[in-house]
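Beneath this line is the structure, given in C-alpha cells, with notes to follow.
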Amino acid sequence: MKEEFNIISNLIEENTRVLDVGCGNGDLMKFLQENKTKDIRGLEISKEKVQNCLSKGLTVIEGNAESDLKQFPKSSFDYVILSQTLQAFLNPELVINELLKVGKKVIVTIPNFGYWRVRLQLLFKGTMPVTENLPHEWYNTPNLHMCTIKDFYNFCSSKNIKIFKSIALKKSRISEINKSNLNYKNLDSHLGIFLIES
Amino acid sequence: MNKNINTKKIIISNSLKLDCGKEINNFPIAFETYGELNSEKSNAILVFHALTGDQYVSGKNPITNKDGWWSYVVGENKPIDTNKFFVICANVIGGCMGSYGPSTINESTGKQIGTDFPIITINDMVNAQYELIKYLKIEKLFAVVGGSMGGMQVLQFVANFPDKAKLAIPIACTSSHSAQNIAFNELGRQAIMADSKWENGFYSNYKLNPDKGLAVARMAAHITYLSEKGLQEKFGRKLQDRDSLRYGFEADFQIESYLRYQGSVFVDRFDANSYLYITRAMDYFDLSKQYKGNLSDAFKETKTKFFVISFTSDWLYPTSENREIVIALNSIGADVGFVEIESDKGHDSFLLDVPSFLKTLGDYINSTYKVINERRI
C-alpha cells in the first residue's frame, strides 16, 4: 500500500486540486494531504467509510462514481485518482470517460490479473485466483471486470487516451512500463499505475 | 407564548426591510448562549432552530422544564462541546419565545399583534439574526449549523453573508420547499384556522386560544417527522391501557394516545399564530428561485466549507433533496462533504440519539476546527 501511495504522490504536483474516487477510509487522502496538497476531496460509496473519512475531517461525499461524477464540472480537478477500484464498476469504460472529463489528469491503478502468481492458480489449480491483492472468492468478489496491465495499456491506445506515465509494481520494486517490455511487466507485476489524459 | 420569561433579549434598532415589502425596526430578538467566546472570537457557532424550536438548545428549557431541543448535540462534552465552542441560538422572528412575533404586545394598543404581524421569510429570519451577530461583535463565525428549517437558514445565511462563516452544516433540509411539504403545512394551518377560537388570529383579544386546531396541526406534522417503520416498531397495533377494543372513538390504540399527548403538550408551549407564520416562511423558501433558478449561484461567492447530512428514513426532507444542495455546490467546485446517515427515526433523527450521526458530526466539527486553527498558525 505504502509503495502505491508513494508512486501516486510522486505523480502529483504540489498544491494542486485532487479528487480521490473510491477513497475508502481516506488513507491515501490523508497521505496526500500531509505530503502534497491540502485541496483534496473524496467520493466513496460505503456509508461507514464516508463517516470514517468525515470523522477525520476529510471532505468526502457519499456517492457512486458511475452516477455521481457527472455533478463535477469539466476539468474541475488537476488530478483524479482511481486506486484499485476500476475492476469493481459495472461499466469501467464509462467511469474512465467520466474521470477524464472531471480531471485534467487521471491516475488509475490496477491490480494486475496477468501477474504470474494469478495465472498459475488458474493454470495449475484450475480455480479462480485468490491472492494477497485479490483476496475474494469468485462468489463474493466485488471485482466484476478484472483486467491485466496489458489490457489497460491496449484499452488506452484503442481509445486514444494518452498515457503519460505507466509504472509497474512488484512487491516494492518499481519499474517503468513501455511498449517493448509490456509482455514481461504484465507477467511480473502485481500492480499497474497509469497517469493518463484524454 | 409571550410568557414572562427571563430570556436574554436585545432590541434591534436598525430597520429591517422584509421580503413582503414592510419594514420593521426596534424589534426584539431573544437568544441564549452557551460556553465562552474565546479572545480571538474564533469559536462561535450559530445554531438555527427548526419550526417549533427555540433558543434553548441545551440545558433545561425554562419554559418546559425539559431538556433543550438539541441536548444530544450541544453541551459539555457533546458533539458541539460547549467547553470549547461558544454556541449562540436565537428565537426566529415570527416565533413565540421572546423574539418579534405575532404574540408580541403592540405597545400602542396593549394587545398582541396577531395576524397584523407581517409575513416573514427564511431570508428575513436570517437577516434579523445577523443583527445579533453584529451586536455580539463577532466578525466571523466558526460555523452555522441547523436541521430542517434550521438547515434552510444555514443555506440562506451563507448565501446572504458569504464570508461570515467558515463552516456550514445544513442537516435534513432542502433548498426549496416541496409540494408535499407545502401540503402538510397547509393542512396544519387549515386546522388552526378552522378552530372557532382562532378569531382570525386575534384570539388573545378574547382570551381564547385555538388549542384544538393547533393540536391537530401538531399531530399531523408529528407523523411526518417519524417513519413508517419506526411507528410500526414502536406502536404497531398495541392498545392503550386496555385489553380489547372499546368500539368507540376514544384512543384505543397507543399511537392515538401518543399523538393526542403530543398535541396537548404542544399547545402549552407554542402560539398558534407563530405556527401559521413560520410554516408560511418555510413554504416560501426557494433559494434557487432567489438566484434565478440556479442554486449554485447562491454560493458562488463563498469560501465556506459545507457538510450536508441526510437520513435514510427521512421522507419529509429526503436524501434526494439534500443531494441537490451537494450537486449545486460541487458544480461550482465548493468544498462540500456529504453523508446519508442510516436511521429508522425519520426526519426527527437529527434531534434524537442516533450514535453514528452524533459521532460523525462531532468528529467532523472538531477535526475541522483543529485544521482551520492550525492553518491560521
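Below, each value reflects all heavy atoms present in this structure, side chains not excepted, and no hydrogens, waters or symmetry copies. First the proteins, then the strands, lettered A, B, ... as listed; each starts at 1.
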More than 12 non-hydrogen atoms from neighbouring residues, nucleotides or ligands closer than 6.0 Å to CD on E233(B), yes or no?
yes
Closest-packed option against chain A by number of heavy-atom pairs under 4.5 Å, given K359(B), R323(B), E342(B):
R323(B)
Tell me, yes or no, whether the heavy-atom count around K165(A) atom NZ, taken from other residues, nucleotides or ligands under 6.0 Å, exceeds 12.
no
First locate atom OG of S55(A), then atom CD1 of I365(B), and finally report the distance between them rounded to the nearest 0.5 Å.
11.5 Å
CG-CZ distance between L43(A) and F338(B), expressed to the nearest 0.5 angstrom
11.0 Å
One should read off an interatomic distance between F72(A) CZ and I332(B) CD1, to the nearest 0.5 angstrom, of 12.5 Å
Within 6.0 angstrom of E197(A) CD, more than 12 heavy atoms from elsewhere:
yes
Could you check if a side-chain atom of Q51(A) sits within less than 4.5 angstrom of a side-chain atom of D363(B), using non-hydrogen atoms only?
no
With rounding to the nearest 0.5 Å, note down the distance linking CG in D335(B) to CZ in R41(A).
4.5 Å
Hey, is NZ on K289(B) packed in by over 12 heavy atoms from elsewhere, all under 6.0 Å?
no
Please determine whether the number of non-hydrogen atoms from other residues, nucleotides or ligands lying under 6.0 Å from atom CD of E139(B) exceeds 12.
no
Which heavy atom of G337(B) sits nearest a heavy atom of L54(A), and at what distance?
CA-CD2, 4.4 Å
Could you state the interatomic distance from OG (S367(B)) to CG (L58(A)), rounded to the nearest 0.5 Å?
8.0 Å
Looking only at heavy atoms, which two atoms of I61(A) and V336(B) are closest? And how far apart?
CG1-O, 3.3 Å
More than 12 heavy atoms from other groups under 6.0 Å of NZ on K170(A)
yes
Under 4.5 Å, counting heavy-atom pairs only, tell me which of D39(A), V60(A), N52(A), V50(A) racks up the most with chain B.
V60(A)
Contacting moiety of T312(B), where chain A heavy atoms sit under 4.5 Å
side chain
Do other residues, nucleotides or ligands put more than 12 heavy atoms under 6.0 Å from Y72(B) OH?
no
Are there more than 12 heavy atoms of other residues, nucleotides or ligands under 6.0 Å from atom CZ of F164(A)?
yes
Quick one: does E62(A)'s side chain have a donor or acceptor within less than 3.5 Å of a partner on E340(B)'s backbone?
yes
When heavy-atom pairs shorter than 4.5 Å are enumerated against chain B, which of E44(A), K56(A), E48(A), K70(A) gives the highest number?
K56(A)
The interface call for F306(B) against chain A, heavy-atom contacts under 4.5 Å, is neither
